[in-house]
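Everything on this sheet refers to the single structure shown next.
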Amino acid sequence: MTVHIVGGGLAGSEAAHYLSSRGHEVFLYEMRPVKMTEVHRTGFLAELVCSNSLKSESLTNAEGLLKAEMKLIGSLILTCADLARIPAGKALAVDRGAFSECVTKSVEDSGVKVIRKEIKELSPKDDEIWIIATGPATSEGLAENIRDMTGGEDFYFFDAVAPIVTKESIDMGKAFFGSRYEESGDYINCPMTEEEYRKFWRELVNAETIPMENFDKKHLFERCMPIEEIARSGENALLFGPLRPTGLIDPKTGERPFAVVQLRRDNKEGTLYNIVGFQTRLRWREQDRVLRKIPCLRNVEIVRYGVMHRNIYINSPKVLDVFMRFNDRIFFAGQITGVEGYVESAMSGLYVAFNVDRILRGKKPVRFPRETMIGALTHYITEDVEGDLRPMYANFGLLKPLERKIKNKLERRKALSERALKALSEFLEKFRS
Ligand SMILES: Cc1cc2nc3c(=O)[nH]c(=O)nc-3n(C[C@H](O)[C@H](O)[C@H](O)COP(=O)(O)OP(=O)(O)OC[C@H]3O[C@@H](n4cnc5c(N)ncnc54)[C@H](O)[C@@H]3O)c2cc1C
């Protein structure tokens, strides 16, 4: 039997590496750089298309628990993230170039045959298993084929990317380093007075956006809401969202600013920063103009503009079983299944690979314990949704409640995480081949 994986993103790379490292013959088809998507910029595997943060590592955070579980299974994505890590407080942020290079090299070194071509149609032979991990930017031809195959409706939503700017173009005379509530000073903060904020807000809500076919706010995933859409919901909306000054004191004044724009380091050298929460569909010239209304960005140089993009996913509860299997020969993994986020997508690659490995060894696939974030999220995506599937990310609400009640939220989350890691260790002991 051979395994054929379509899409060398976070899910596909994770699955390919896992299966190849266990001695299976794996072919990975990645269309870049021969054919690019609207959001990728390089030919590397596992390119991070927007933020360079893989979010929190704390066990009182659902993303932190998910990562801890993936590490127990042996996640390549997290190994490379550790190697490419750059400072970002409690978050796991990476130098995106070093990260993707690490994944590409590790996948190739593990023996996976990486083939650079677009797959337009799926027709697996009897001795082949195919894993479709083509992500939110699945190429048109294949998307059509999948739609026909699954009999699915036109499921999609819109996602947005924030601009990246050069550090040297930020006015550090006005900005200051600091993180909300933490000692570390990893973020650059651009303070604004009330007058500066109001002026910026007016420019933002009146700026020209790129019209998009089928653009409908109800399809926007809330954590990827474009900044101009948040701003349009009220003059103070940004003060409770990405521009909230909470937890930040400007050392020059000793006071909390009226509003703060935060920038997170985007590469190891610290020469590039992305603007936190500034996903946008403003026209590029408007991005230049409006960002310059922020005092410490008045001479800003944007190296990657924000964009919006149609994001495809299938109706998993209807078409997949809990093992992300469409039929005996075809599995799906990654964001196309309706999980949301880099780490969640990588997790689903690992999850599918775990069971494909078992199947190839003549064993039955197994469900992950519902106490684990992996088990709970995959259960939600394939079995638990009421009505239409909306993309879902890791959160403690998905886990079975504890048997004993713990009032304190952090203590409760810690207990949930401990229970999950224990359950996963026992599960792996029993079922990992
Ligand atoms: C614009 C945008 C911004 C996002 N920002 C964030 C963010 O900031 N943080 C976050 O956690 N998540 C973000 N996401 C969500 C999601 O986590 C990422 O999209 C993630 O990369 C999904 O992983 P994946 O492996 O499923 O797909 P991808 O990483 O996109 O990988 C799919 C791969 O398949 C290839 N491919 C597509 N079609 C074919 C074909 N027919 N033949 C061969 N190869 C093909 C593509 O080139 C790509 O390399 C964003 C998504 C989008 C669209």
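First listed ligand is number 1; within each ligand, the first listed atom is number 1. The residues of the chain are indexed from 1 along the displayed sequence.
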Region of Ser345 engaging ligand 1 - heavy atom pairs below 4.0 Å: side chain
Ligand 1 versus Ala333: contacting region, heavy-atom distance under 4.0 Å: neither
Centroid separation Trp130 to Tyr29 less than 6.0 Å: yes
Sub-3.5 Å N/O-N/O distance, Leu142 and ligand 1: no
Mode of Lys55 contact toward ligand 1 - side chain, backbone, both, neither (heavy atoms, under 4.0 Å): side chain
Within-cut-off N or O pair, Gly334 and ligand 1, under 3.5 Å: no
Those residues that, when tested against Phe177, pass ring pair (Phe, Tyr, Trp, His ring centres under 6.0 Å) (two or more places apart): none
Ring centroid separation Phe427 to Phe354 under 6.0 Å: yes
Under 3.5 Å: N/O of Thr37 near N/O of ligand 1: no
Ligand 1 to Ile119 polar contact by distance, N or O atoms, under 3.5 Å: yes
Ligand 1 to Thr138 polar contact by distance, N or O atoms, under 3.5 Å: no
Contact check, side chains of Phe99 and Val103, non-hydrogen atoms, under 4.5 Å: yes
Backbone of Leu282 reached by a side-chain donor or acceptor of Gln287 within 3.5 Å: yes
Proximity to ligand 1 by part of Leu54, non-hydrogen separation under 4.0 Å: neither
Per-residue contact class, Tyr342 against ligand 1 - non-hydrogen pairs under 4.0 Å: both
Ligand 1 versus Val39: contacting region, heavy-atom distance under 4.0 Å: side chain
Structural part of His40 in contact with ligand 1, heavy atom criterion under 4.0 angstrom: side chain
Atoms of ligand 1, numbered as shown, that sit under 4.0 Å from any heavy atom of Ala11: 25 (O)
contact_flag Gln279 ligand 1 heavy-atom lt 4.0 Å: no
